[in-house]
Structure formats: C-alpha cells, structure tokens
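Remember, it's 1-based here, ligands and their atoms both numbered in the order they're listed.
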Amino acid sequence: MNIKTDFLVIGSGIAGLTYALKVAGSGKVCIVAKSTLDETNTKCAQGGIAAVMRQPDNFEKHVEDTMDCGAGFCDEKIVRMVVREAPERIKELIEWGVEFDRNKNGELDLTKEGGHSEKRVLHHKDNTGEEIQRVLMEKARNHPNIEIIENHFAIDIITQHHLGEKVKRSHKDIECYGAYVLNPEGSKIFTILARTTLLATGGIGNLYHTTTNPPIATGDGIAMVYRAKGTIENMEFVQFHPTSLYNPGERPSFLITEALRGFGAVLRTMDGKEFMENYDKRGSLAPRDITARAIDQEMKTRGDDHVFIDATHLDGDKLKKKFPNIYKKCINLGIDITKDMIPVIPAAHYICGGIKVNENGRTSINRLYAIGENSSTGLHGANRMASNSLMEAVVFAHRSAAETKNLFKSYNFNDKIPQWNIKGTDYPEEMVLITQNYKEVQQIMSNYVGIVRSNLRLKRALERLKIIYRETEELYKKSILTVNLCELRNMINVGYLIIKMAQKLRESRGLHYTLDYPEKNYGSEF
Ligand code: SIN
C-alpha cells in the first residue's frame, strides 16, 4: 500500500492536530499516530496553557519571566512573537469548544505556576490537556479532508538518501518526500508520499527511569531528523518536573501539577521542614530547574526517598474542586490531600531542545516542518517556563499551517521513491535482547545524565551507550521490524545527542547542571 497526501502529519497531540485542522481546508491531510489518537503528552498536561489575557499582566512581564526561566538561552525575538500571538490562538481554542475554567463573574480563572510573576495560566480543572485533546480529536475525526491512521509507526522520513544519494550533514538541499510507516500487524512497511511533512511526535521522557510522559514518548521525530542529517540543538536541556507522585512501580509517574503550588501548597522535607527559601527567594514557586535540583539535593543529602508537597493548610473544599483528579488519585492510595502531605519526586518531563526550526516551524530539511515538543524554536532556552509549551504548540501550528498552505502546491510528489529496502528476515530470537537494552538506556540516562551531571558521568554514559548502539544496529539490520525495536533505536540516537551536547556545554546553565562547572551561587539566576 502506498499513500499520497498533501500534508503528512506525524503525531497527534495539540501541535499535530491543531496544524492538521488548520491546513485541512486547503488539501488532503494524513495523520499518523503511533498509538491511539489520544495517547499523547498533551493529554497528560494538567496545569494549563499560558497567555496574557488581562491586566495587571502584560506582554513585557510574560517575556521577562520566560527569558528569566530560560537562563539566558532564549531567542528574544521568538519569545516576543509567541507571547504576543498566544492570546489570539487561545481565543481560537475557545471558539473550537475548549472549556477553560471561569470565575463566578464569567472571567477566565487564571492561575500561577513556577516562574510566572502574574496569574496567566488558563486551565480546565487539573486536566487541561485532556480537555484540549478531546476537542481537537473530535474536530479532526469529523473533518472530511483528514485521514487518521492510528497504531502505525513512522520509521524514517524519506530523503535523497533513500534514492541512493550520499547525503552529508552539511548538505544544504536535503528534501523530505514523506515517510516510511510500519503497520505492526503483519510487520508491513509502506510509503506515504507527501508534498509537505510535519513532525509533532512529542517528547523523550522514556529515556529516563522516572517520567511523567506516556510510553509513546521515545524521541522518534528527533531521531528521524538526526538520521536524515537535519539540525538538532539544545538537547542537553532535559526538564525534570519537580513534583511527580512518589508511588514506586507506577509508570508513567502521576504528575502533581505546579498549579497546586501556585494555589499555595509548599514543599517540605520528610521531617516537615520547608527548604525552598534556602535555594531561591521565590520559594516553592521558583523555576523548575532550581526546584528540581533543590529537591534532588535535599533527597541526596538526607538520604530520603522523596519530599512532600503540603496543601493541608489550604481550603479543603476549594482544593477538591480545583484539583479533582489529584484528589481522586491520592485518595485511592490512602492520601487525603486536604489532611495529608503528598510524597513527590522529580521526574523527566520535557525536552527543551530538539529539531531546530525557524519562526514558521521550518526545519533545516526542505519540505519538513516540526512543531511542539520535538522542535527547538528558541522559546524555552535552557529551561522552559511552566505552561509555555501548549502555548508554543498552538502558535507554531498556526504559523506552520500558514506557510505550508501557501507552499504545498509548488512541491511535487517524488514518484521515484523506492519501497522500504532494509529486509530483515527474522524476528529477534528473544524479546529480552530489546527489553534489557531499553532498561539499560533508562539506567544510563537516569544515573549519569540526570538532574546533576559531571564529566565522568557523561563519559561513562557515552561509552555504555555506544555498546548498546552497536548491538541494536546489528539487530535492526537483520530483524523484521517491530515498534519496540524502532523505539529503542530512536532512544539510543536521542540519548547520544543529549550526552554529546551536554559534554560540549562547559558550564552549568538552566537544566544542565554539572559538578565540573558549578554555578558560583547555587540556585542563582543567570
Ligand atoms: C504542570 O501542570 O505542572 C505541568 C504543566 C507544564 O509542564 O507546563
């Protein structure tokens, strides 16, 4: 089976679906989702989506907060652009049917999260992402121009390389003609030829042992572009959410939204002492890099398994109303958040770097766009501010859609593309060859390339990853492809990029903290 489409979209979170809906009036769209349409990072976003909606907030404050969190690595032009365009995009979401919470006067109920100097986070209770995903999926499923292919895995984007040409990383005119896609049922690989391709494959959380991300977050888009010799940047900036529920054995880790701290909850050590003021004057609402490091430090120094979030001093009825899912989850585990403190630990949550794109989501590869978490736009710098990512996704979906709607007719289908030609003949003789390496990648990344790094840890991580890389490439070449083998391969590529970029940055900045180049003043702003 071969498919031809004007717009190929890989990924079905807020970025991919918003883009698909915006281009669908102009041509045929095909969305490929590796799982079901709703299995996305977007769905897990609890807190919300940031934008300047009213006084006393203003664009300048949102810009300043974003840049401050980004530790000197944000692209100011992009920050200004995104912050200014966000309110329009939010209004669109509301017009499409997304329901954000409102106060009794009917105004949007805005909350605060770490790093924000004003209340500017729109939310739907504590399941904002789920509400957005619900509306976008419904619209996409009902659009006559959108074809949705679920439970299929994009293995690689197609470039000149697949026509037998040698493509170098410095090559200026790499073109993307679509993607090779695996149907796991029967291990069939087919070709989707596209005039334009958009990658919105989400994050990389599963490279780490503890993550808030669903199992699909294995860095697929980033790995595909890296293999196709496109430009990837800022991968050293892996964000750990400071507060995921400490519930050993549960994967993914359940998020305890930062909005809870925005509502007044505070962090405490296991013996009940507040500690965040020792690290940052903003206390429990300091930016994520500082908070996650402080928790890590407290746990290591004290030998504790977790810290606590304490909301017991807050109005219990309001807590239950604002955070119904957290309440329900915790009560099922015997924790009544109105009376008991919640045990939490940091968990891998978001990659700030990724596929380098311009202000319209265009990558270094012609006809290829990337938006959402797998892209690196310059907005987040060295540390993303809470709730800025859903905002970034809708702004870039709009901009990429505007550009590709204009351009797609000027791109022809490339009919010379051959069928997939790596012909493994056997299934791996034992699944353990894959699952063991998957676990090893997580161990290497968690122990050596986590919240705190060092030259020695990074060197060890690279040496060990290289062994796993060689084993997996060998297996890949001779095996009938399966999704978990492809995912493992992608995770190894992404792990390599994180380690190499971390080794190159010879300073501590934002989310990249190394013992060899510590900040002069731990926890200070850059
Ligand atoms: C949260 O609710 O704390 C997560 C939101 C985000 O990562 O932006």
Problem set entry | Flag, side chain of S244 to backbone of T212, donor-acceptor distance under 3.5 Å | no
For this session: Identify, chain by chain and in numerical order, each protein residue with a heavy atom under 4.0 Å from an atom of ligand 1.
Result: Q46, G47, H241, L255, T257, E258, R288, H349, R384, A386, S387
For this session: Go through the side-chain N and O atoms of T128 and Q46 and say whether any donor and acceptor fall under 3.5 Å apart.
Result: no
For this session: Scan residues 368-403 for pairs that pass ring pair (Phe, Tyr, Trp, His ring centres under 6.0 Å), counting only residues two or more places apart or in two chains.
Result: Y350-H380
For this session: Please work out which of the three classes, parallel, tilted or perpendicular, describes the rings of F73 and F237, given edges at 30° and 60°.
Result: perpendicular
Problem set entry | Qualifying ring pair (Phe, Tyr, Trp, His ring centres under 6.0 Å) pairs, either residue in residues 286-312, two or more places apart | Y246-H306, H306-F308
Problem set entry | Residues that D305 engages under salt bridge (Lys or Arg N to Asp or Glu O under 4.0 Å), provided they are two or more places apart | none
